[in-house]
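Reviewing the structure listed below.
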Amino acid sequence: MIRFGQGWDNHRITAGRPLILGGVTVPCEFGLEGHSDADVLSHAITDAILGAIAAGDIGMHFPDTDPKWKGAGSLQFLKHACDLAAAAGYRIGNVDSTVLLERPKLKDFRLAIRESLARTMGLEVSQVSVKFKTSERVGPVGEGRSAESQAVVCLVRSS
Ligand code: C5P
Ligand code: MG
């Protein structure tokens with residue numbers, strides 16, 4: 001009746017790109033490198049949903065070699081994973097996620113990001129949790145070279 005999925009993603013930090021998290025553009029002098037819009041949070045949540053229904057991973061559905069997905073908004077990947085879960089007979093119970101980024105401070109964007117994700121997934125904001133952590137100046141995240149996201153979802157049998 002219940003299934004769980006986890007997802008993880010990381011992207012390299014680079015100048016001259018937007019910083020998009022959960023579909024929200026965070027004002028910043030750097031962004032994330034990637035074939036799509038490099039929305040590391042949406043990618044982790046998408047993989048968590050795909051994992052919960054054992055439907056492979058995001059790269060299987062949206063190959064980063066396909067020019068069709070160049071610069072693509074990642075909320076459409078997330079929506080697709082939700083549609084697959086619904087087709088498999090599951091609704092999303094809740095999502096919990098963490099973004100690891102040394103800076104900028106993201107907490108002022110938490111509600112906007114939760115609302116954006118909830119809207120995309122057809123959920124209440126209360127079903128979507130987004131947490132932020134630095135990496136305490138250690139490792140690639142801590143040195144400001146990358147951003148990571150982790151996500152866990154719970155799916156509930158709907159039929
Ligand atoms: O990583 P650390 O535990 O020091 O983070 C403390 C708090 O700072 C987090 O709980 C989060 O609310 C906030 N934070 C943030 N943006 C980040 C990293 C952390 O708002 N990029
Ligand atoms: Mg990614």
Side-chain angles (χ1 to χ4, degrees), residues 4-85 92 94-121 125-153:
F4 295 97
Q6 70 79 228
W8 175 88
D9 195 23
N10 80 331
H11 282 259
R12 190 186 291 269
I13 283 174
T14 188
R17 291 262 303 180
L19 177 60
I20 299 173
L21 296 169
V24 173
T25 301
V26 175
C28 189
E29 80 276 19
F30 58 77
L32 301 178
E33 205 171 280
H35 183 67
S36 67
D37 66 354
D39 183 341
V40 67
L41 175 58
S42 295
H43 292 180
I45 297 172
T46 300
D47 256 359
I49 295 166
L50 293 174
I53 55 169
D57 58 36
I58 192 169
M60 195 183 107
H61 295 268
F62 304 101
D64 64 6
T65 47
D66 190 337
K68 187 159 68 179
W69 307 122
K70 189 163 170 49
S74 296
L75 291 181
Q76 68 188 291
F77 305 157
L78 180 58
K79 172 78 168 60
H80 181 73
C82 291
D83 291 346
L84 289 178
I92 295 170
N94 74 299
V95 177
D96 186 22
S97 64
T98 304
V99 177
L100 293 104
L101 186 63
E102 206 64 15
R103 68 175 193 87
K105 279 287 177 211
L106 297 167
K107 57 184 170 23
D108 291 346
F109 298 90
R110 191 189 324 265
L111 183 57
I113 292 171
R114 291 174 66 208
E115 285 173 344
S116 169
L117 291 168
R119 207 180 307 122
T120 302
M121 291 188 280
V125 175
S126 62
Q127 291 173 282
V128 182
S129 157
V130 180
K131 310 188 300 302
F132 306 114
K133 292 295 287 182
T134 69
S135 196
E136 300 289 349
R137 302 193 300 279
V138 177
V141 171
E143 291 162 9
R145 291 188 283 123
S146 65
E148 291 183 18
S149 284
Q150 303 168 352
V152 174
V153 301

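The figures here come from the full heavy-atom set of this structure, side chains too, leaving out hydrogens, waters and symmetry mates. When a ligand or atom number is given, it counts from 1 through the structure's own listing order.
- Other residues, nucleotides and ligands place no more than 12 heavy atoms under 6.0 Å from the CD atom of Gln6.
- Considering every non-hydrogen atom in both Gly7 and Ala48, the closest pair reads N-CB, 3.6 Å.
- Contact annotation for atom 6 (C) of ligand 1: protein absent (non-hydrogen atoms, distance under 4.0 Å).
- Rounded to 10°, the angle that ND1 of His43 and NE2 of His11 form at the Mg ion (ligand 2) is 110°.
- For atom 12 (O) of ligand 1, the closest heavy atom belonging to the protein is Arg110 NH2, 3.7 Å.
- Scanning the protein heavy atoms around atom 20 (O) of ligand 1, the nearest turns out to be Lys107 N, 3.0 Å.
- If you check each of Leu101, Val26, Val99, Thr98 against atom 17 (C) of ligand 1, the one with the closest non-hydrogen atom is Leu101.
- The closest heavy-atom contact to atom 4 (O) of ligand 1, among the options Arg103, Arg137, Glu136, comes from Glu136.
- Looking at atom 13 (C) of ligand 1, its nearest protein heavy atom turns out to be Lys105 NZ, 3.9 Å.
- Here OG of Ser116 is found 8.0 Å from CG of Asp39. Values are rounded to the nearest 0.5 Å.
- No donor-acceptor pair closer than 3.5 Å links the side chain of His11 to the backbone N or O of Ala147.
- Atom 3 (O) of ligand 1 has Lys133 NZ, 2.6 Å as its closest protein atom, hydrogens excluded (heavy atom only).
- When only interatomic distances are considered, the shortest N/O to N/O separation between Ser135 and ligand 1 does not fall below 3.5 Å.
- Put simply, Asp9 gets within reach of the Mg ion (ligand 2), with an N, O or S atom under 2.8 Å from it.
- In terms of protein heavy-atom proximity, atom 16 (N) of ligand 1 is closest to Leu106 N, 2.9 Å.
- When the shell of 6.0 Å around NZ of Lys70 is examined, it contains 12 or fewer heavy atoms from other residues, nucleotides or ligands.
- In terms of protein heavy atoms, atom 10 (O) of ligand 1 is closest to Phe132 O, 3.6 Å.
- Looking at ligand 1, you'll find an N or O of Thr134 within less than 3.5 Å of one of its N or O atoms.
- Distance check, rounded to the nearest 0.5 Å: CG of Leu75 to OG of Ser36 gives 10.5 Å.
- Between His61 and Trp69, the closest heavy-atom pair is O-NE1, 4.4 Å.
- Residues Thr98 and Lys131 bring a donor and an acceptor atom of their side chains to less than 3.5 Å of each other.
- A distance-only check finds no donor-acceptor pair linking the side chain of Asp47 to the backbone of Asp57 [under 3.5 Å].
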